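So the structure is just underneath, and the comments pick up after that.
First the proteins, then the strands, lettered A, B, ... as listed; each starts at 1. As the structure is a prediction and not an experimental result, all values here were calculated from the model.
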2 protein chains.
Amino acid sequence: MAVRRVTKAQKPAKGRPRSFDRAAALRAAMEVFWQRGYEATSLSDLTGAMGINAPSLYAAFDCKEALFGEALDLYQVTEGAEPQRLLAQGRTAKESFAAMLRFHAGDYVNPQKPPGCMVVLAAIVGAPENKSVRGLMTKTRRSAVEMLAARIRRGITAGDVPKGADAVAMATFYTTLMQGMSIQARDGATKKQLLATVEAAMAAWDGMVGKR
Amino acid sequence: MAVRRVTKAQKPAKGRPRSFDRAAALRAAMEVFWQRGYEATSLSDLTGAMGINAPSLYAAFDCKEALFGEALDLYQVTEGAEPQRLLAQGRTAKESFAAMLRFHAGDYVNPQKPPGCMVVLAAIVGAPENKSVRGLMTKTRRSAVEMLAARIRRGITAGDVPKGADAVAMATFYTTLMQGMSIQARDGATKKQLLATVEAAMAAWDGMVGKR
DNA sequence: CCAATTCTGTAGCAATCGATAAATAAAGCG
DNA sequence: CGCTTTATTTATCGATTGCTACAGAATTGG
């Protein structure tokens with residue numbers, strides 16, 4: 001019986017096997033990109049955090065930008081899982097939004113992680129030669145808005161949100177607030193402060209959907 | 001009669017006079033920092049935009065960080081003038097906030113300028129060695145919150161805002177939204193979309209102050 | 001065993017980073 | 001005029017950037 005790989009049950013592989021845990025190295029890279037942003041993270045920052053040398057990084061991840069892309073994917077899958085779950089599982093659209101926003105209020109200032117959201121912070125400005133990275137981030141943020149809008153449309157279908165509600169406008173409003181919360185988190189805001197902001201935004205819900 | 005200097009009516013000066021317009025060079029530097037952020041703006045970006053060589057830049061502005069500090073001051077004085085005026089001159093705190101936010105909705109996507117607010121965007125993440133620059137930005141953002149809170153307190157004193165209103169919490173809420181609007185501006189939001197977000201936030205005002 | 005393949009460490013690539021030394025030019029002052 | 005002071009241009013500085021050539025090590029397949 002063949003020895004089972006710790007990392008993955010992949011194909012047998014031909015040449016010299018990789019001597020490091022690719023997934024763990026990617027997690028380390030994600031953390032550094034999240035903390036410092038794309039451009040301010042140097043290759044030596046990355047190799048240091050990942051515990052490997054540059055040639056190993058390039059062999060496994062191709063280049064800095066591709067590594068960032070993978071790190072962003074990992075971020076969405078791991079850090080995005082819980083908010084997405086909360087968004088989907090709420091009884092109504094309003095309850096879903098409240099649960100998701102309250103979660104972020106705590107998560108953005110979790111001392112175990114870099115503050116704020118990587119998708120908002122890691123590449124918001126930068127040099128012209130890294131435009132493609134910023135484009136990737138913009139695309140990711142836009143898909144997040146769309147996900148929120150879809151939840152509101154679901155609420156309209158289900159009947160817990162009035163027919164006249166503007167799903168995209170509402171999703172944009174709450175997204176904008178969430179994005180601001182990432183800035184606040186970097187400025188040292190507390191969970192309590194972020195929660196107060198969330199509750200203020202949720203108080204606007206009924207007015208936005210048209211209820212009077 | 002002495003020839004009047006174009007730039008300033010300063011002291012006579014001793015050695016060789018500066019051959020460039022310091023104020024114009026600073027404006028150019030501000031624009032580049034605003035567009036690309038602190039770290040992504042290289043010295044050659046700066047000298048190119050300012051139309052001078054590196055030694056002239058260092059003679060006039062000391063170092064990159066000091067130049068950024070001056071650029072940030074200039075930004076606040078120029079770009080901050082109109083929103084501050086609107087904040088001060090509104091009949092009530094609510095009207096002041098609405099006017100300021102509506103102005104920003106247009107200003108953040110003014111095609112004549114870099115999108116969004118320099119104070120929010122130019123140094124939100126980065127390398128550890130530039131922590132002091134981020135600290136300066138955080139300090140600037142905090143003073144902006146305080147300015148909004150002061151306007152609300154003025155409204156409480158004047159009577160247009162109920163006594164029980166939490167000025168800091170309200171100021172934080174609207175600041176958070178404004179900061180998110182800078183992200184939205186970088187993502188290509190339109191004035192119309194930003195205005196819709198502003199109106200949604202303003203609809204929350206009466207609920208926040210305690211009115212029912 | 002050998003050959004083919006893939007990964008790893010060392011060492012270094014050209015380019016750029018922020019910043020400056022040195023020589024010269026242009027002003028005021030005496 | 002010379003002396004002092006300051007700004008200018010040119011030509012770098014050492015350090016770091018993202019990235020890679022190269023040689024050797026470790027694996028599979030034959």
Side-chain angles (χ1 to χ4, degrees), chain A residues 2-3 5-8 10-26 29 32-33 36-69 71 123 126-133, chain B residues 2-3 5-8 10-26 29 32-33 36-69 71 123 126-133:
Chain A
V3 175
R5 289 265 162 202
V6 183
T7 47
K8 254 186 206 171
Q10 206 88 338
K11 51 188 73 166
K14 229 178 288 186
R16 175 175 174 173
R18 186 175 287 121
S19 67
F20 62 94
D21 184 338
R22 192 185 191 279
L26 181 57
V32 186
F33 278 134
R36 306 190 183 184
Y38 176 73
E39 290 191 6
T41 301
S42 71
L43 258 294
S44 77
D45 290 336
L46 289 167
T47 54
M50 300 163 86
I52 59 178
N53 293 117
S56 296
L57 187 154
Y58 280 87
F61 300 101
D62 195 47
C63 66
K64 188 188 176 187
E65 184 169 345
L67 173 59
F68 181 78
E129 61 261 35
N130 296 313
K131 205 169 114 178
S132 61
V133 173
Chain B
V3 175
R5 289 266 163 203
V6 181
T7 48
K8 254 184 207 175
Q10 207 88 340
K11 53 186 73 167
K14 231 179 288 186
R16 174 173 175 173
R18 186 176 286 123
S19 66
F20 62 95
D21 183 339
R22 193 185 190 278
L26 180 58
V32 185
F33 278 135
R36 308 190 182 183
Y38 176 74
E39 290 191 6
T41 301
S42 70
L43 257 295
S44 76
D45 290 336
L46 289 167
T47 54
M50 300 164 86
I52 59 178
N53 295 118
S56 294
L57 188 153
Y58 281 88
F61 300 101
D62 195 47
C63 67
K64 188 187 176 188
E65 184 169 346
L67 173 59
F68 182 78
E129 61 262 33
N130 296 312
K131 205 168 113 178
S132 61
V133 172

Checklist entry - Could you write nucleotides 9-21 of chain C as a row of B, S and -, 5' to 3', where a protein heavy atom under 4.0 Å of any base atom gives B, of only sugar-phosphate atoms gives S, and otherwise -? => result BB------SSBBB
Item to check | Residue pairs fulfilling salt bridge (charged side-chain N to carboxylate O under 4.0 Å, His left out) with at least one residue in residues 60-69 of chain A, sequence neighbours excluded | outcome: none
Checklist entry - Roughly how many Å is it from CZ in A:Phe20 to C1' in C:dT8, rounded to a whole number? => result 10 Å
Checklist entry - Which pairs with one or both residues in residues 47-59 of chain B pass salt bridge (charged side-chain N to carboxylate O under 4.0 Å, His left out), sequence neighbours excluded? => result none
Checklist entry - Which pairs pass salt bridge (charged side-chain N to carboxylate O under 4.0 Å, His left out) with one or both residues in residues 48-60 of chain B, sequence neighbours excluded? => result none
Next on the checklist: Any non-hydrogen side-chain atom of A:Asp21 less than 4.5 Å from a side-chain atom of A:Leu26?
Outcome noted: no
Would you list the atom pairs, donor with acceptor, under 3.5 Å between side chains in residues 45-60 of chain B and any protein atom, with sequence neighbours excluded?
from, atom 1, to, atom 2, distance (Å)
B:Asp45, OD1, B:Arg36, NH1, 3.0
B:Asp45, OD2, B:Arg36, NH1, 2.8
B:Asp45, OD2, B:Ser42, N, 3.0
B:Asp45, OD2, B:Ser42, OG, 3.2
B:Thr47, OG1, B:Leu43, O, 3.1
B:Thr47, OG1, B:Ser44, O, 3.2

Checklist entry - Should B:Arg18 be listed as having a side-chain N or O under 4.0 Å from OP1 or OP2 of D:dA7? => result yes
Checklist entry - Between atom NZ in A:Lys14 and atom C1' in C:dA3, what is the gap in whole Å? => result 13 Å
Next on the checklist: Is the terminal nitrogen or CZ of A:Arg18 (NZ for Lys, CZ for Arg) located under 6.0 angstrom from the six-membered ring centre of A:Phe20 and within 45° of that ring's axis?
Outcome noted: yes
Checklist outcome for this item: To the nearest angstrom, the CZ-P distance between A:Arg22 and C:dT6 comes to 16 Å
Checklist entry - How close or far is atom C1' of D:dA23 from atom CZ of A:Arg16, stated in whole angstroms? => result 12 Å
